[in-house]
Amino acid sequence: MRCSQLFAPTLRETPAEAEVVSHQLMLRAGLIRKAAGGVYSYLPLAWRILKKIEKIVREEMDAKGGQELAMPIMQPAEMWQETGRWNVYGEEMFRLQDRHNRNFCLGPTHEEMITTLVRGDVRSYRQLPLMLYQIQNKYRDEIRPRFGLMRGREFIMKDLYSFDRDEAGLDESYNKMYDAYSRVFTRCGLSFRAVEADSGAIGGSGSHEFMVIAESGEAGIVYCGKCDYAANDEKAELHPICLPSEEQLPLDEKATPGMKTIAEVSQFLSISPEKTIKTLAYRTDTGTLVLALVRGDHEVNEIKLLNKVGCIQLEMANEEAITQALGSRAGYLGPVGLEGKENIIIVADATVMNMNNAVCGANKLDTHYSNVNPGRDFKPSIVTDLRLIQENDPCPHCGAPVKTARGIEVGQVFKLFTKYSTSLQATFIDVDSKEKPMVMGCYGIGVSRTMAAAIEQNYDKNGIIWPAPIAPYHAVVVPVSTKDEIQMALAEKIYTELNASGIETILDDRNERPGVKFKDADLIGYPLKITIGPKAINENLIEVKVRRTGEVLYYGQAEYLANIKELLKNL
RNA sequence: CGGGGCGUGGCUCAGUUUGGUAGAGUACCUGGCUUGGGACCAGGGGGCCGCAGGUUCGAAUCCUGCCGCUCCGACCA
């Protein structure tokens, strides 16, 4: 390919709409253009990158026995109604109707479709296990699409589904996929971590997420420096903290005018935040008020709360709801004296139950209680692990202090068990002649998001730095002056030789000043740049600059090919 | 869903307060010159000023509605 022909319109300035680095650089480097909010065209360079990621994914899926197929993007409502997700999925599902007013959706995922497909044609244990996958567009009408390809409404995903006879088989399939995913992201040249995850709305249990480590990551992860524990912070468990017992003092009411936050209250009363109980009010989708209690210096893990309460949605209660239910305002909430109240659930973190003579809101403006003793002064409906893990909290496996990091979720593996096979009657006849539901797993990789994540992890002030395995081209050949026939002849020769030896190379034959071509090369992020200028001509040396390190190397014309091949192995 | 900001040539933005012939930089085209990190000179094309109504002799500018983009928020008490 020649740059003079290439459709890669680079921008000198960053478009105002782009917030995160990957989005900015993809627009500037001429990789993507927006069609609508969260919907993008992939330009030729981006398409090459995506194809490379897909190729790696295919090879690894196939190596584990996966078989590629293609299912419809447009899916009839009926199968979603059978699993109940037509209603559960909510606003996030793109829905449409045909001319007969029949309902369809654009697939946000394909459990229903694949399970319906398989149940029709798999009858015997002899046909199992089965691993089927596809790579195609998915559609989710995100509340707030943002960050370019990181959170789009249309995105490319690889989704594989496994069907097994029993849980032992599922474990095996799951482990194969876990292994395949590790290989995929390693081959893409990414720094990543597999972490234990909550299984979320898809259902099932047993799940890992594959996180590309990056500052801009939306997910918080924790990992242990001592053992191999790593988890999404939504998932990370915590054991209750043991506290010394104290003599229980009588409950006391304290005036705390204007003191709303834990910091204000504890300072005002000259106590440590660890002696306070924080009360957060949430509302479920059914209108129940949930009061979540954690120690003042702790944070609530909303996922844990959601799972415990067992509702579909949970959001912070607004001022009105709080006043109506408790006659109080945020800042002065507490669990005391609420027993027997209709439509209120009190959920306490286990550590709270070990506290003595604590301070909490009195459900009265400008007032707190002191000497509150859980169990004596209030009895929660649920006591559980509710805390959000923080840096230096003890590892749930070995107790060593955990570290925190940010990650971009690029893949997730789930054990679904028989959730979908049961609701969709995907059964088989086992060796014992009994009819059983297939045991399923599902495994996704965000292909377009992986491209974005690769940029978030690999860039500098000049542009993108592609890991060689997913770079659109391995090398760019830049003749300093296109008008210089000797330079051009050499550039053409090098360009041809590189491509002939399997190194994907682009020739920047544009009649531009060298600075322009260098800037574009850096912006687009080819791993290697080969400059053909007076130096190369006069000294007979091939000059190679490594994008990642800035290192400049010179090779004789006889051995440059071998050297470049060697260089690329480590990029 | 709530709130703020923004919509002017492909991109970045000025002009809107105080209504009066639509601008700059960059990008693009032509010619010249130049060629080791986004040069320079000359000439040129390109805009229903987001859309629809309204006020006015006259609207990018004022008013109303809608649409789009973007950020923040959805109360961590």
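Each chain gets a letter, A, B and so on, in the order the sequences are listed, and its residues count up from 1. A quick note: this is a predicted structure, and the numbers were derived from the prediction, not measured.
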> Counting any heavy atom closer than 4.0 Å, what does A/P9 reach on the DNA or RNA strands: base, sugar-phosphate only, or nothing?
Replying inline: nothing
>> Output the rounded distance in Å from CD1 (A/I532) to C1' (B/rU35).
In response: 15 Å
> Quick one: the side chain of A/D520 and the base of B/rG38, do they pair up donor-acceptor inside 3.5 Å?
Replying inline: yes
> Quick one: which of A/L238, A/I241, A/D393 gives a side chain to side chain contact (heavy atoms under 4.5 Å, CB included) with A/H298?
Replying inline: A/I241
>> Determine whether a donor-acceptor pair (one donor, one acceptor, N or O, separation below 3.5 Å) exists between the side chain of A/K545 and the base of B/rG37.
In response: yes
> Quick check: does any side chain N or O of A/R547 sit under 3.5 Å from a backbone N or O of A/P527, one acting as donor and the other as acceptor?
Replying inline: no
>> If we ignore hydrogens and angles and just use 3.5 Å, is the side chain of A/K517 paired with the main-chain N or O of A/V477 as donor and acceptor?
In response: no
> Below 4.5 Å, heavy atoms only, C-beta onward: do A/P9 and A/L43 meet side chain to side chain?
Replying inline: yes
>> Under a 3.5 Å cut-off for both contacts, is B/rG73 paired Watson-Crick or G-U wobble with anything, and if yes, with which nucleotide?
In response: B/rC1
> Hey, does A/T531 reach any base, or is it just sugar-phosphate, or nothing, if we go heavy atoms under 4.0 Å?
Replying inline: base
> Within the structure shown, what part of the strands sits under 4.0 Å from A/E512 by heavy-atom distance: base, sugar-phosphate, or nothing?
Replying inline: base
> Can you check whether A/R513 has a side-chain N or O nearer than 4.0 Å to OP1 or OP2 of B/rU34?
Replying inline: no
>> Over all strands shown, is A/T482 touching base, sugar-phosphate only, or nothing at heavy-atom distances under 4.0 angstrom?
In response: nothing
> Reckon A/A16 touches a base, only the sugar-phosphate, or nothing at all at heavy-atom distances under 4.0 Å?
Replying inline: sugar-phosphate
> Which listed nucleotide (B/rU34, B/rC71, B/rG36) is nearest to the side chain of A/E19?
Replying inline: B/rC71
> Could you state the CG-P distance from A/N511 to B/rA39, rounded to the nearest angstrom?
Replying inline: 13 Å
> How close or far is atom C1' of B/rG36 from atom CG of A/N538, stated in whole angstroms?
Replying inline: 13 Å
> When we call it a touch if two heavy atoms are under 4.0 Å apart, what does A/P514 touch: a base, just sugar-phosphate, or nothing?
Replying inline: base
> Roughly how far, to the nearest 0.5 Å, is CD1 of A/I532 from CG of A/L490?
Replying inline: 4.5 Å
> Among B/rC76, B/rG36, B/rG38, which nucleotide sits nearest the side chain of A/L280?
Replying inline: B/rC76
> Under 4.0 angstrom, heavy atoms only, what part of the nucleic acid is A/D522 near: base, sugar-phosphate, or nothing?
Replying inline: base
> Counting only distance, no hydrogens or angles, is the base of B/rG68 paired donor-acceptor with the side chain of A/E17 under 3.5 Å?
Replying inline: no
> Any N or O donor-acceptor pair linking the side chain of A/R28 to the base of B/rG38 at under 3.5 Å?
Replying inline: yes
> Can you find a donor-acceptor N/O pair under 3.5 angstrom joining the side chain of A/K517 to the base of B/rG36?
Replying inline: no
>> Please pick, from B/rG25, B/rG36, B/rU35, the nucleotide with the shortest atom-to-atom distance to any side-chain atom of A/K535.
In response: B/rG36
> Taking CG from A/L11 and C1' from B/rC13, how many angstroms apart are they, rounded to a whole number?
Replying inline: 15 Å
> Touch check for A/L388, heavy atoms < 4.0 angstrom, all strands: base, sugar-phosphate only, or nothing?
Replying inline: nothing
> Contact class for A/G37 vs. all strands (heavy atom < 4.0 Å): base, sugar-phosphate, or nothing?
Replying inline: sugar-phosphate
